[in-house]
Amino acid sequence: MIRHLKPISALAIALLLTPLAPAVTAKLVTRDGLRDPARVDQARLLGAAAEPQNWMSHGGTFAEQRFSALNQVNEGNVARLGLAWAHEFDTNRGQEATPLVVDGVMYVSTAWSKVFALDARTGQELWRFDPEVPGNHAVFGCCDVVNRGVAVWKGKVFVGTIDGRLIALDAASGKQVWSVATTDPNKAYTITGAPRVFKDKVIIGNGGAEFGVRGYVTAYDTETGRQVWRFYTVPPVPGAGPDGAASDPVMAKAASTWFGTGWHVSGGGGTVWDSMVYDPELDQLYIGTGNGAPWNRKVRSDGKGDNLFLASIVALDPDTGAYRWHYQETPGDSFDFTSTQQMTLATLTIGGVPRKVLMHAPKNGIFYVLDRMTGRLISAKNFVPITWADGVDLATGRPRFAENAFYDAGTKLMLPSSFGAHSWHPMSFSPQTGLVYIPTMQRPVAYKQDPNYHFIEGRQNFALGFEIPGPDAPATGGALIAWDPIAQKVVWRVPQPEVWSAGTLATAGNLVFSGDAHGVFSAYRATDGARLWSFSQQAGIMAGPISYAVDGVQYVAVIAGYGGGVPLMTRDENRPQQAQPMGRMLVFRLNGKGKIADADLTLPPANPPEESFSPDQVRAGAGLYFTHCIFCHGGSVLPDLRRSAALPDRETWKRIVIDGALSSNGMASFAKWLKPEDTEAVRAYVAAEATKLKATEKGPAAP
Ligand code: CA
């Protein structure tokens, strides 16, 4: 029974009133498996807005608006939304994927680059694929072994793996068709982003700028895996000669903006680790590039130069990879202000004139509206408080850097900090409300020079020091905001329980869906932000939701599973620590009656050793801990070392840290970076912290 239809388009209504492709589903999922699945091609993706029952590409359509035209679930009835089904995955690592749904089948990637095909009505697993990523490659990920999604095209499913492969799977069986190594396995490259497909090409980027790599994107032939073109985002080091790549003609121009030698050893960075958008209206491809390597321009480039194409949007010819234009959001980035965040295409009427625009809310905290025909800036305004710039000069398109940006002159409180005002968490745009729904973050961090910096291959290289700001600093917190991209102002704002917000979906039911770090999935009224419905379970949510329909029933889906950059390295001190629940797919429909049983998330107690360590050992260990360990063990996802069963035993500790006894789990050997006495120092520091924790665990005596 379908009620409360609101007119959006005749086609969408027709799709809702007639059962949505029921026959297709029945034919697709047979006793023997899938028949002729993922039949997605250019024509179908061009018309994706006309089949809202499917979510066939990462951002919903080529324009990546993350808007669903379905309105069976709407502001009038969303209170009746309930769980249709849930599917438990096999890991408690971070889940960041946007699932795809094509003709009743859901394709989704999970942590460790695994791929699952599920019956979109029931959640029944149809097949699974495990690329068997070597666990020790996890050490090269800044931000967990996450994966943000797959692409589908003509019966194949494509996934990038954390160890740098791009793999094509048979959509019917989940069997591998081809696999290519897209990165040098000896370098600290990772892939966490979703591939994109257009015109028989599948394109993939990579991450790893902190660890010392050079960014690029590569297009491959969907049928064979043959490389079609590659575009480097930063120049080769002087003397290395041309790359023989599509970027060659523009590399001299890029090189003229780099100085000194600091970047020669660290690769320069500029990795394209998330957003890549194909624009069918202009037949061009946009890539968003990352930060410099190392972060500090003083070290990287003698403190000068724009360092093209860091922190930029670059438009390319989709067939050849040839450069068309670029817009650099943070010239000479010295802050980890990646511009890799989601790019959304739309036509907005600005000053009475329809403009083909690209909308962007990158880490640096400024909302950009670009003319995507020329790359020229139309408007820019900060969407959160920022301390590094006083705005953007509309004539030149360049930011007006504030005094506060120059931390070489003293410690500076950064807003946003490297965590970003907005990171990979998908935003959405509703053509109905004209608003962009952005998961925003505010986490102030003080930056200062690091006089002792030297490059360490395969570890995170910042060339700056950090300080946790004092009590006077602006508060840390996340908020979902509705942003008017024409007026460039906040329309409504809903604070979130933690700084690490979750992706959003806008729907024609005048709804915005988003999860939160505590596992609550909510529906907000798109026009005013009123919370109309929520569902609570234990797994924290970060990913972007989608909506689809099968057999005339609209579903809303989101993957739950907490992890990623901030959760791995920071704990929420206001919240009791608990073990991580497994990741799971959550799917909702009207009158859904599904339930999820709570798991026991009790953590083991603090486990300090009996022995004592010297203050020098503890001090040395603290330095090593903050260089090597905190990025994964400082948070609430991976084992809290203070509670580790290995902590009291010197030999076990060494077997793990030096010999790599747990490398298949993702805990690589640190023998390259730590000597045995170093690991003992780290143990000394962790033991001291465990002793403190134990004292708090005793708690007040019972009355
Ligand atoms: Ca970065």
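Keep in mind that the numbers below use all heavy atoms, side chains included, and drop hydrogens, waters and symmetry copies. In what follows, residues are counted from 1 in the order of the sequence shown. Indexing begins at 1, ligand by ligand and atom by atom, following the structure's order. Quantities reported herein were computed from a predicted structural model and do not represent experimental measurements.
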Please identify each residue that fulfils salt bridge (charged side-chain N to carboxylate O under 4.0 Å, His left out) with Arg165, with sequence neighbours left out. Asp163

Should the ring pair Trp325 and Tyr286 be called parallel, tilted or perpendicular, given that the plane angle runs from 0 to 90° and is split at 30 and 60? tilted

Taking Ser312 for its side chain and Leu310 for its backbone only, find out whether a donor-acceptor pair lies under 3.5 Å. yes

Go through the side-chain N and O atoms of Arg148 and His425 and say whether any donor and acceptor fall under 3.5 Å apart. no

Side-chain donor/acceptor of Trp500 to backbone N/O of Gly563, under 3.5 Å: yes

Considering residues, nucleotides and ligands other than Lys412, do more than 12 of their heavy atoms fall under 6.0 Å from its NZ? yes

Report for the Ca ion (ligand 1), protein N, O or S closer than 3.0 Å, by chain and number, lists Glu210 OE2, Asn291 OD1, Asp336 OD1

